[in-house]
Amino acid sequence: MSKDNESLHYMDEEAKRKKRMKWTIGIIAFVIFQVVQALFFVLVIMKFKSPKFRIGEYDVQTLNVGTQASPSFDMSFIAPIRVKNTNWGPFKYDASTVSFTYGGVQVGQAIIPKSKANFKSTKKIDVSVTLSSANLPSTSNLGNELSSGIITLNSQGELKGKVTVMFMFKKTKTSQMNCTMAIDTSTKAVQSLTCK
């Protein structure tokens, strides 16, 4: 074998080795990309969270209050209910109710119709609510609160539904509402509203 043939053979082997190395690096890079993509999908997209179920700030339409000696109240307002879905798929929920209580006794409720909160969005539902203290026992603390000018109410509710990701992965989730609001009887406005 001549020296030229030997150098051509060596250069040919070197070119094959470089080509194999490029293929190997390409395959490894592709596998790493697929693993990162799968991890992102599992850790971010497939992480199902319970949507947030809250009541927003509202204006009291009517408020009639009694006296400390004869404590009572009647109130009506439009409750802005919000269902915030942070999942990568829609949250379809069943019809539900939100109970409004004073001192643990129900004074009214709002009906939430069956609906859907789209992915990464907030569903807004405005519900008419009428509250009355007619069911309160005479031993309630309402007379003292009326003399202070503040009525403290709570709202509780539960929303059950399913989150669907990529049209095939479904998971049942439940959202809880537990809000406390203070109503100023002189200004007929919501003084504070906190939700857990």
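Everything quoted here is computed from the prediction, not taken from an experiment.
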Undergrad: Treating Ile, Leu, Val, Met, Phe, Trp and Tyr as nodes and any side-chain heavy-atom pair under 4.5 angstrom as an edge, say whether F40 and V36 lie in one connected cluster.
TA: no
Undergrad: Without swapping roles, check the side chain of N87 against the backbone of G89 for a donor-acceptor pair under 3.5 Å.
TA: no
Undergrad: I'd like to know if D126 and R82 make a salt bridge, using a cut-off of under 4.0 Å between side-chain N and carboxylate O.
TA: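 A salt bridge is present here (some side-chain N lies under 4.0 Å from a carboxylate O).
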Undergrad: So for atom NZ, which belongs to K173, do other residues, nucleotides or ligands contribute more than 12 heavy atoms lying within a distance under 6.0 Å?
TA: yes
Undergrad: What's the verdict on side chain to side chain contact (heavy atoms under 4.5 Å, CB included) for L131 and D74, showing C-alpha distance, side-chain angles and the deciding distance?
TA: CA-CA 6 Å; L131 307 180; D74 292 301; over 6 Å; no
Undergrad: Taking all heavy atoms of C179 and all of L193, pick out the closest pair and write down the distance.
TA: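 Answer, listing the atom of C179 first, then L193: CB-CD1, 4.3 Å.
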Undergrad: So, the side chain of K120 versus the backbone of T86: is there a donor-acceptor pair under 3.5 Å, distance only?
TA: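 Present.
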Undergrad: Are the side chains of V129 and S76 in touch, meaning some heavy atoms are under 4.5 Å apart?
TA: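 Not touching, per the 4.5 Å side-chain cut-off.
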Undergrad: Heavy-atom distance under 4.5 Å between the side chains of L142 and L136, does that happen here?
TA: yes
Undergrad: Taking the side chain as every heavy atom from C-beta outward, state whether L146 and Q68 have any pair of such atoms under 4.5 Å apart.
TA: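 No, every pair of side-chain atoms sits at 4.5 Å or beyond.
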Undergrad: When you look at CD1 of I150, are more than 12 heavy atoms from neighbouring residues, nucleotides or ligands closer to it than 6.0 Å?
TA: yes
Undergrad: Less than 4.5 Å apart, side chain to side chain, heavy atoms only: is that true for I78 and V127?
TA: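 A side-chain contact is absent here, since even the closest heavy-atom pair is not under 4.5 Å.
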Undergrad: Would you call Y102 and I151 a side-chain contact if the rule is heavy atoms closer than 4.5 Å?
TA: yes
Undergrad: Is there a side chain to side chain contact (heavy atoms under 4.5 Å, CB included) between V60 and M75? Walk through the geometry before answering.
TA: CA-CA 7 Å; V60 176; M75 180 179 359; 3.8 Å; yes
Undergrad: What's the spacing between I81 CD1 and I55 CD1 if we round to 0.5 Å?
TA: 4.5 Å
Undergrad: Which heavy atom of P80 sits nearest to which heavy atom of E57, and what is that distance?
TA: CG-O, 3.2 Å
Undergrad: Taking side chain as C-beta onward, heavy atoms only, is M177 less than 4.5 Å from S155?
TA: yes
Undergrad: Strictly distance-based, threshold 3.5 Å: is any side-chain N or O of N135 a donor or acceptor partner for the main-chain N or O of V107?
TA: no
Undergrad: Would you give the length of the straight line joining atom CG of N85 to atom NZ of K92, rounded to the nearest 0.5 angstrom?
TA: 12.0 Å
Undergrad: Is the side chain of S70 donor-acceptor paired with the backbone N or O of T67 at a distance under 3.5 Å, no angle test?
TA: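 Pair absent, no side-chain N/O of S70 close to backbone of T67.
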Undergrad: How long is the span from the OG1 atom in T172 to the CZ atom in F91, to the nearest 0.5 Å?
TA: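 If we round to the nearest 0.5 Å, T172:OG1 and F91:CZ are 9.0 Å apart.
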Undergrad: Please tell me if the side chains of I183 and L153 come closer than 4.5 Å, counting only heavy atoms from C-beta onward.
TA: yes
Undergrad: First locate atom CD of Q156, then atom CD of Q106, and finally report the distance between them rounded to the nearest 0.5 Å.
TA: 9.0 Å
Undergrad: Calculate, to the nearest 0.5 Å, the distance between atoms CD and OG belonging to Q191 and S186 respectively.
TA: 8.5 Å
Undergrad: Can you say whether the rings of F100 and F77 are parallel (under 30°), tilted (30 to 60°) or perpendicular (over 60°)?
TA: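 Rings of F100 and F77: perpendicular, over 60°.
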Undergrad: If you count heavy atoms of other groups shown closer than 6.0 angstrom to CG of N144, is the number above 12?
TA: yes
Undergrad: Do F48 and F167 belong to the same hydrophobic cluster, where Ile, Leu, Val, Met, Phe, Trp and Tyr are linked whenever their side-chain heavy atoms lie under 4.5 Å apart, directly or via other members?
TA: no
Undergrad: Report yes if the side chains of V98 and Q109 come closer than 4.5 Å at any heavy-atom pair, otherwise no.
TA: no
Undergrad: Just by modelled atom types, is the K196 backbone N or O under 3.5 Å from a matching donor or acceptor in the R54 side chain?
TA: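 Checked: pair present.
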Undergrad: We want to know whether S115 and K123 form a side-chain donor-acceptor pair, criterion being a heavy-atom distance below 3.5 angstrom.
TA: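 Distance-only check passes for S115 and K123.
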Undergrad: When you measure from the side chain of T185 to the backbone N and O of G149, does any donor-acceptor pair fall under 3.5 Å?
TA: yes
Undergrad: Can you name the closest pair of heavy atoms from S175 and F53 and give their distance?
TA: CB-CB, 3.7 Å
Undergrad: Distance only, no hydrogens: is a donor on one side chain within 3.5 Å (strictly under) of an acceptor on the other, for S72 and S133?
TA: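 S72 vs S133: no donor-acceptor pair found between side chains.
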Undergrad: Answer yes when E158 and K160 have at least one side-chain N-carboxylate O distance shorter than 4.0 Å, and no when they do not.
TA: yes
Undergrad: Apply side chain to side chain contact (heavy atoms under 4.5 Å, CB included) to L159 and T174, showing your working.
TA: CA-CA 6 Å; L159 210 54; T174 302; over 6 Å; no
Undergrad: How long is the gap from CD on E145 to CZ on F73, to the nearest 0.5 Å?
TA: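 Result: 9.0 Å between the selected atoms.
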Undergrad: Is it true that a side-chain atom of S96 and a backbone atom of I112 form a donor plus acceptor pair closer than 3.5 Å?
TA: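 It does not hold such a pair.
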